[in-house]
Q: 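I'd like to ask you about the structure that follows.
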Protein chains: 2
Amino acid sequence: MAHPNLPKDEVVERLTRVFRREGYEGASLARLSEATGLGRSSLYHHFPRGKEDMAEAVLAASRDRIARLVLVPLAADGTVRERFVAMARGFGEFYGNGNQACLTELFGIGTPGKQFIPVLTIGIARMKQAIGDVLVEAGFDDALAQRRAEDALIAIHGALVLSRAGGSTALFQRVLEELPDRLLS
Amino acid sequence: MAHPNLPKDEVVERLTRVFRREGYEGASLARLSEATGLGRSSLYHHFPRGKEDMAEAVLAASRDRIARLVLVPLAADGTVRERFVAMARGFGEFYGNGNQACLTELFGIGTPGKQFIPVLTIGIARMKQAIGDVLVEAGFDDALAQRRAEDALIAIHGALVLSRAGGSTALFQRVLEELPDRLLS
DNA sequence: GTCTATAAGCAGATAGAC
DNA sequence: GTCTATCTGCTTATAGAC
């Protein structure tokens with residue numbers, strides 16, 4: 001319905017919303033078509049290999065968004081604590097304050113999910129590295145820095161799962177608030 | 001193929017394996033049929049409402065298994081630390097040392113997942129309560145006990161997600177090993 | 001309690017007009 | 001770059017024989 005030449009970024013954003021709500025297998029072409037306002041064939045024009053290509057575009061956009069919301073703030077000016085606070089805010093925005101699921105979680109599931117694992121692995125490693133670098137700068141030795149960075153990512157993703165399953169995002173919010181202290185204690 | 005009157009427990013166990021590997025939407029009747037050795041119609045004989053009934057049976061069996069592997073050890077005799085160590089071992093077995101996904105994670109996804117949220121919520125609350133009770137017994141005040149119990153569950157589930165996405169279960173194993181110390185420190 | 005056969009619908013994907 | 005129409009295969013689900 002309507003062909004307003006929606007910019008590709010906006011198309012990918014709408015696809016992302018569906019994938020995050022329904023998961024990879026649950027995101028049917030019907031739903032993706034409806035969310036973008038593009039017919040099936042239009043989607044195939046933009047994404048020749050279909051759902052697979054859409055998922056890859058969504059992952060690439062999410063990688064960029066994580067860079068902007070999390071990695072850039074971590075590498076910015078300011079005290080170490082200020083940067084961790086900014087990072088926590090970034091994670092909060094990226095995950096819709098606990099209401100939006102994580103592609104790491106959704107895209108790793110089942111037979112079709114296997115193909116996405118390498119991309120997800122790289123994304124996680126990048127975040128871990130960025131957090132670890134700041135901790136090293138704060139004076140922690142390398143091993144401890146890596147472990148704490150890992151623990152921070154574990155806490156964020158665990159809180160996300162339990163928030164959804166528990167029906168409340170309070171848990172996720174708490175984890176984010178405590179994150180700077182937990183990293184620096 | 002073959003009709004050896006497989007005991008229902010064994011059928012549910014095999015269904016569980018498929019659901020945990022493929023997720024709710026990915027677990028097609030074809031795969032469930034193959035895994036159990038029962039034809040489609042036999043499955044409908046045992047589970048009249050189809051996949052939905054199978055998922056409920058799988059959730060009930062998992063609840064029982066968590067009770068046996070985690071809740072019973074937490075309420076057993078022995079020092080507080082010994083019970084937490086036993087609990088960690090129980091979680092390790094339940095999650096196949098990090099190789100088996102969590103139904104909490106898989107069944108909460110997408111449109112069909114909504115109906116399972118209440119059951120998942122109860123399951124999480126029960127585990128949190130059981131851990132919190134032991135911490136109170138160990139002398140922690142109620143609020144701190146609840147928070148630490150929550151943190152433990154967050155760590156376990158977060159580690160599970162990151163282990164799968166990161167391609168290694170080392171992370172999950174580490175979290176389990178550190179769990180007793182983290183709860184009691 | 002299991003099977004074979006089949007229905008009805010939706011999945012992903014393509015052809016070709018405009 | 002979008003559309004309508006269509007294809008094939010797989011999905012859940014049911015009917016009825018044994």
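Residue numbering restarts at 1 for every chain, and letters A, B, ... go by the order of the sequence lines.
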Q: Atom OH of Y24(A) and atom C1' of dA11(C): how far apart are they, to the nearest Å?
A: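 From Y24(A) OH to dA11(C) C1': 12 Å.
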Q: If you check the Y44(B) side chain, which of dT12(D), dA13(C), dA11(C) turns out closest?
A: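 Output: dT12(D).
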Q: Find the distance F47(B):CZ to dG1(C):C1' and express it as a whole number of Å.
A: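 About 13 Å, once rounded to whole Å.
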Q: S42(A) side chain N/O closer than 4.0 Å to the phosphate oxygens (OP1, OP2) of dC3(D)?
A: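 Indeed, a polar side-chain atom of S42(A) lies that close.
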Q: Mind calculating the distance between CG (L6(A)) and P (dG1(D)) to the nearest angstrom?
A: 12 Å
Q: Any side-chain N or O of H45(A) less than 4.0 Å from the OP1 or OP2 oxygen of dG1(D)?
A: yes
Q: Atom CG of L38(A) to atom C1' of dT2(D): distance rounded to whole Å?
A: 8 Å
Q: Is R14(A) salt-bridged to E34(A), cutoff N-O under 4.0 Å?
A: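 Salt bridge between R14(A) and E34(A), a charged N being under 4.0 Å from a carboxylate O: no.
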Q: Mark yes or no for a side-chain to base donor-acceptor pair under 3.5 Å between S41(B) and dA13(D), with no hydrogen or angle criteria applied.
A: no
Q: In this structure, how many angstroms lie between the P atom of dG1(D) and the CD atom of E10(A), rounded?
A: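 It is 17 Å, rounded to the nearest whole Å.
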Q: Less than 4.0 Å between a side-chain N and a carboxylate O, is that true for D181(B) and R81(B)?
A: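 Yes, this pair counts.
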Q: Quick one about D133(A) and Q129(A) (side-chain donor to acceptor, distance below 3.5 Å, no hydrogens or angles considered), yes or no?
A: yes
Q: Heavy-atom nearest nucleotide on DNA chain D for R49(B) versus H46(A): which residue maps closer to 5'?
A: H46(A)
Q: Nearest whole angstrom, please: distance from the P of dT11(D) to the CD of E25(A).
A: 10 Å
Q: List the steps and the verdict of side-chain contact (heavy atoms from CB on, under 4.5 Å) for H157(B) and H157(A).
A: CA-CA 8 Å; H157(B) 289 86; H157(A) 290 86; over 6 Å; no
Q: Expressed as a whole number of angstroms, how long is the span from R40(B):CZ to dT11(D):P?
A: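 From R40(B) CZ to dT11(D) P: 7 Å.
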Q: Could you tell me how far apart L29(A) (CG) and dT8(D) (P) are, to the nearest whole angstrom?
A: 18 Å
